[in-house]
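Below is one structure, written out as structure tokens; comments come after it.
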Amino acid sequence: MISFELNEGIGFIKLAINDKNSFSNESFLALKKAIQDAKESSAKVVVLRSESNGSFSLGLDLTTVSTMDMSKDLAPFLELFYHNLTELYQLPMPTIAEVSGHALGYGAMLALVCDYRFATSDIRFGLPEVKIGIQVPSFVYALMGEAVGYDVAKRHVLLGDAFKAKEMPTLFEDITESDEDLKKKSKSLQTKLKKNSYSAMKDTKSGILSVHKPLLSLVKDDVTNTIKSIQSADAKEGISASVEVRRPVFTS
């Protein structure tokens, strides 16, 4: 499902949940373990990649969310949701996301918390939460703002449309025409990073994270606000519409 592998100093977190790499509580737990394994490993670099053709990750398994007992299961589910994002963001070694398939919602968020991102030109990337009645987390908006500029990020998260990688080139280290070329570019960066002093990279990243403490401080309110958002009438309608493959009809 989701695994961590160490190969010659490079760690790989591999997503192989289903054809869409859509996340349920079970896969959140598996990702949590993989991130912890990466943190405790001797890896000098960690790569996040998909094993599912055409999909990096299309986000949450909305069928699971739609049948959830909101009063009992939602809060623990979202705690894992944010725990994985912040733990991946705070890994002591550099992280690389190989976005060789579409990355939407939580899939885009996982890529955004990585230090480097590579993409193929045919992928679509985005945060479509508003289209299903759910707010975009402030932490995630801030990360996107840092990468592409806050005004561009603001327009994107309010509109919610996915975009092609080449439409936001500053979001990615490089955009390639094939998965093979993407892996070559990523491998080249892995090799360069691996040659560096690990202790120096670790200390430098710690300093970077200290500068970014205000971003992480947003997460506590994000958890509370997302719980409220998913329980709203519009979110219930948006999630149901997505599961039923129809356009939502919002009341607000």
Side-chain angles (χ1 to χ4, degrees), residues 1-17 21 27-52 56-57 80 82-101 103 106-120 123 125 139-140 142-144 146-147 165 169-176 178-213 215-216 219:
M1 180 193 280
I2 297 176
S3 61
F4 173 75
E5 296 177 11
L6 183 64
N7 185 6
E8 297 182 348
I10 308 296
F12 295 90
I13 296 175
K14 298 182 178 182
L15 306 178
I17 306 166
N21 274 334
S27 41
F28 273 161
L29 288 169
L31 179 59
K32 179 181 179 181
K33 182 180 184 304
I35 294 171
Q36 186 63 32
D37 288 346
K39 185 176 181 178
E40 295 173 355
S41 76
S42 60
K44 295 183 73 173
V45 183
V46 168
V47 179
L48 178 64
R49 66 167 49 154
S50 168
E51 300 291 290
S52 300
F56 180 74
S57 170
L80 281 171
Y82 283 106
H83 173 88
N84 288 336
L85 291 177
T86 56
E87 286 297 298
L88 185 57
Y89 181 64
Q90 295 177 94
L91 279 180
M93 65 286 288
T95 53
I96 301 171
E98 294 182 349
V99 190
S100 58
Y106 198 68
M109 296 179 198
L110 288 172
L112 284 168
V113 297
C114 290
D115 300 311
Y116 301 91
R117 291 168 291 277
F118 290 89
T120 50
I123 67 106
F125 191 101
F139 171 64
V140 173
L143 290 174
M144 190 170 193
E146 288 199 331
T170 59
L171 191 58
F172 304 99
E173 193 71 12
D174 207 339
I175 300 169
T176 67
S178 69
D179 184 43
E180 182 181 359
D181 286 342
L182 181 151
K183 284 186 168 59
K184 286 180 181 178
K185 295 281 188 179
S186 176
K187 180 66 174 177
S188 176
L189 178 60
Q190 293 163 35
T191 301
K192 290 177 182 178
L193 290 168
K194 187 179 172 182
K195 290 177 181 177
N196 290 343
S197 159
Y198 175 67
S199 62
M201 288 195 296
K202 180 181 177 181
D203 290 346
T204 298
K205 190 165 179 182
S206 177
I208 292 168
L209 290 170
S210 293
V211 173
H212 291 178
K213 276 183 180 178
L215 270 67
L216 286 165
V219 173

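Model, not experiment: these values are computed from the prediction.
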Q) So do L193 and N196 actually touch side chain to side chain, heavy atoms under 4.5 Å? A) yes

Q.
Test of understanding: with side chain to side chain donor-acceptor pair (under 3.5 Å), list the residues that count as partners of Y89, not counting sequence neighbours.
A. H212

Q. Using 4.0 Å as the upper bound for N to carboxylate O, is an ion pair formed by K33 and D37?
A. yes

Q | L85 side, atom CG; I35 side, atom CD1 - distance, nearest 0.5 Å | A | 8.0 Å

Q: Answer yes or no: is there a side-chain heavy-atom contact under 4.5 Å between T95 and L48?
A: no

Q: Examine distances only and state if a side-chain atom of K194 and a backbone atom of E8 form a donor-acceptor pair shorter than 3.5 Å.
A: yes

Q) For K39, does the NZ atom have more than 12 heavy-atom neighbours from other residues, nucleotides or ligands under 6.0 Å away? A) no

Q: Step through the shown structure and confirm whether more than 12 heavy atoms of other residues, nucleotides or ligands are within 6.0 Å of CD on E180.
A: no

(Q) With a 4.5 Å cut-off on side-chain heavy atoms, are F118 and T176 touching? (A) no

Q. Has the side chain of T204 got a donor or acceptor atom that lies under 3.5 Å from a matching backbone atom of A200?
A. yes

Q.
Does any part of the side chain of P92, heavy atoms only, come nearer than 4.5 Å to the side chain of Y198, both counted from C-beta?
A. yes

Q) What are the two closest non-hydrogen atoms of L110 and V113, and how far apart are they? A) O-CG2, 3.2 Å

Q: Check whether any side-chain heavy atom of F12 lies under 4.5 Å from a side-chain heavy atom of Q190, and answer yes or no.
A: yes

Q. Where is the tightest heavy-atom contact between G107 and F56, given as atom of each residue plus distance?
A. O-CE2, 3.4 Å

Q: Could you tell me the separation between the OG atom of S186 and the CG atom of D181, rounded to the nearest 0.5 Å?
A: 12.5 Å

Q: Please examine the side chains of K14 and E5, heavy atoms only from C-beta on, and report whether any two atoms are closer than 4.5 Å.
A: yes

(Q) Quick test of your reading of the model: are K32 and E87 salt-bridged, counting only N-O distances below 4.0 Å? (A) no

Q. Does the ring center of Y82 lie less than 6.0 Å from the ring center of F139?
A. no

Q. Is any side-chain heavy atom of L88 closer than 4.5 Å to a side-chain heavy atom of N84?
A. no

Q) So, does R117 use its side chain to make a donor-acceptor pair with the main chain of L171 at under 3.5 Å? A) yes

Q: Apply side-chain contact (heavy atoms from CB on, under 4.5 Å) to S100 and R49, showing your working.
A: CA-CA 8 Å; S100 58; R49 66 167 49 154; over 6 Å; no

Q: Indicate the atoms forming the closest heavy-atom contact of A103 with A108, along with that distance.
A: O-CB, 3.7 Å

**Q.** Stepwise side-chain contact (heavy atoms from CB on, under 4.5 Å) check, I175 with T120
**A.** CA-CA 5 Å; I175 300 169; T120 50; over 6 Å; no

Q) Just how far is it from atom OG of S188 to atom CG of D174, taken to the nearest 0.5 Å? A) 10.0 Å

Q) Which heavy-atom pair separates A16 from S52 by the least distance, and what is that distance? A) CA-OG, 4.2 Å

Q) Is a donor on one side and an acceptor on the other found under 3.5 Å between the side chain of S57 and the backbone of N21? A) yes

**Q.** Nearest-0.5 Å distance that lies between atom CD1 in I2 and atom OG in S27
**A.** 5.5 Å

Q.
Using a 3.5 Å distance criterion without hydrogens, assess whether the side chain of S41 forms a donor-acceptor pair with backbone atoms of A38.
A. yes

Q: Please collect all salt bridge (charged side-chain N to carboxylate O under 4.0 Å, His left out) contacts where either partner lies in residues 195-212, sequence neighbours excluded, each pair once.
A: D115-K205

Q) Any side-chain heavy-atom pair from K44 and M93 closer than 4.5 angstrom? A) no

Q: Quick one: do E173 and I96 satisfy side-chain contact (heavy atoms from CB on, under 4.5 Å)? Show the steps, please.
A: CA-CA 10 Å; E173 193 71 12; I96 301 171; over 6 Å; no

Q: Working to the nearest 0.5 Å, report the span between CE of M109 and CE of M144.
A: 11.0 Å

Q. Which heavy-atom pair separates I123 from V99 by the least distance, and what is that distance?
A. CG2-O, 3.7 Å

(Q) Using every non-hydrogen atom in the two residues, find where P94 and Y116 come nearest and quote the distance to one decimal. (A) CB-CE1, 4.4 Å

(Q) Distance check, rounded to the nearest 0.5 Å: E146 atom CD versus L112 atom CG? (A) 10.5 Å

